[in-house]
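Okay, so here's the structure we're looking at.
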Amino acid sequence: VQLQASGGGLVQAGGSLRLSCLHSKSTLSSGYAVGWFRQAPGKEREFVSSINWKGYSTRYADSAKGRFTISRDDAKNTVYLQMNSLEPEDTADYYCAVVRQGGSWRVIAPTMEDEYRYWGQGTQVTVSS
C-alpha cells in the first residue's frame, strides 16, 4: 500500500488549504478507513480527523471541529482534508494513514495511531500570523 499526502504549504492565518491523500489501488481490494494526523515541531503526533470506509462516520479532534472537513472520493482513490480558518497552531507536518475496515456502513472511524496500518509521508503546513 502506498500513500501520498500533498497539498501543504505556507498560508496566512485565516486562510485555507486542502490536503489530499492519494492511495494505491491495492487498498480497494477491501474497504478502508483513512485518518489524518499531525506533528508539530517538538510535539507528539496527534489525531486530526478520520473517515470510515463508507464515508458515513467522520471524527474530528476538538481543535479541528468546525474548521476542517474530511471527505473521500473513492473513484479517485483520494481522501481530502479541507482546512479553513487556519491558525498558527495548525502548523505541523500532516500525515495520512489507512487501515482496512468493513462490516457495517456505520462503523466508527478510528482515531488512535495504533489502529492504523499504513502511513504516508508527511506534507508540511505552515500558518503565519
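Just so it is clear, the values below take in all heavy atoms, side chains as well, and ignore hydrogens, waters and symmetry mates.
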**Prompt:** Could you give the distance from OG (S129) to CD (E87), rounded to the nearest 0.5 Å?
**Reply:** 12.0 Å
**Prompt:** Do S49 side-chain atoms and R59 backbone N/O form a donor-acceptor pair below 3.5 Å?
**Reply:** yes
**Message:** Using 0.5 Å steps for rounding, measure from the CZ atom of F68 to the OG1 atom of T58.
**Reply:** 14.0 Å
**Message:** Closer than 3.5 angstrom, by distance alone: can the side chain of N52 be matched with the main-chain N or O of G55 as a donor-acceptor pair?
**Reply:** yes
**Item:** Over all atoms of both residues, closest heavy-atom pair of S50 and P110
**Value:** OG-O, 2.8 Å
**Item:** Donor + acceptor pair across side chains of R72, Y32 (<3.5 Å)
**Value:** yes
**Message:** Could you check whether R67 makes a cation-pi contact with Y60, meaning its NZ or CZ is under 6.0 Å from the centre of the six-membered ring and within 45° of the ring axis?
**Reply:** no
**Request:** Quick one: pull up OH in Y94 and OG in S6 and give me the separation to the nearest 0.5 Å.
**Result:** 14.5 Å
**Item:** Distance-minimising heavy-atom pair for N84 and S16
**Value:** OD1-OG, 2.9 Å
**Fill in**
For Q121 and L3, the nearest pair of non-hydrogen atoms, with its separation, is OE1-O, 3.4 Å
**Message:** For a quick test of reading the model, state the closest non-hydrogen atom pair linking W53 to G31 and the distance between them.
**Reply:** CE3-CA, 3.6 Å
**Fill in**
Residues at least two apart in sequence or cross-chain that pass side-chain contact (heavy atoms from CB on, under 4.5 Å) with S104, listed by chain then number, are R106
**Prompt:** In the single-linkage hydrophobic clustering (I, L, V, M, F, W, Y; side-chain heavy atoms under 4.5 Å), do Y80 and L19 co-cluster?
**Reply:** no
**side chain to side chain donor-acceptor pair (under 3.5 Å), paired with R38, selected from D90, D93, T123** = D90
**Prompt:** Roughly how far, to the nearest 0.5 Å, is the CE atom of M83 from the OG1 atom of T69?
**Reply:** 11.0 Å
**Asked** Do side-chain atoms of Q101 reach the backbone of I108 as a donor and acceptor pair under 3.5 angstrom?
**Response** yes
**Closest non-hydrogen atom pair, S57 against A109** = OG-N, 3.0 Å
**Request:** Indicate, with yes or no, if the rings of Y118 and H23 have centres closer together than 6.0 Å.
**Result:** no
**Message:** Working to the nearest 0.5 angstrom, can you tell me the gap between L81 CG and I70 CD1?
**Reply:** 6.0 Å
**Complete:** What one should report as the nearest heavy-atom pair of T91 and A40 is O-CB, 3.6 Å
**Prompt:** Nearest 0.5 Å, what's the CG-CG distance between D73 and L22?
**Reply:** 11.0 Å
**Asked** Does atom CG of L10 have more than 12 heavy-atom neighbours, drawn from other residues, nucleotides or ligands, at distances under 6.0 Å?
**Response** yes
**Prompt:** For W119, which fellow cluster members are found when Ile, Leu, Val, Met, Phe, Trp and Tyr are connected by side-chain heavy-atom distances below 4.5 angstrom, either directly or through intermediates?
**Reply:** F37, F47, Y95, V99, Y116
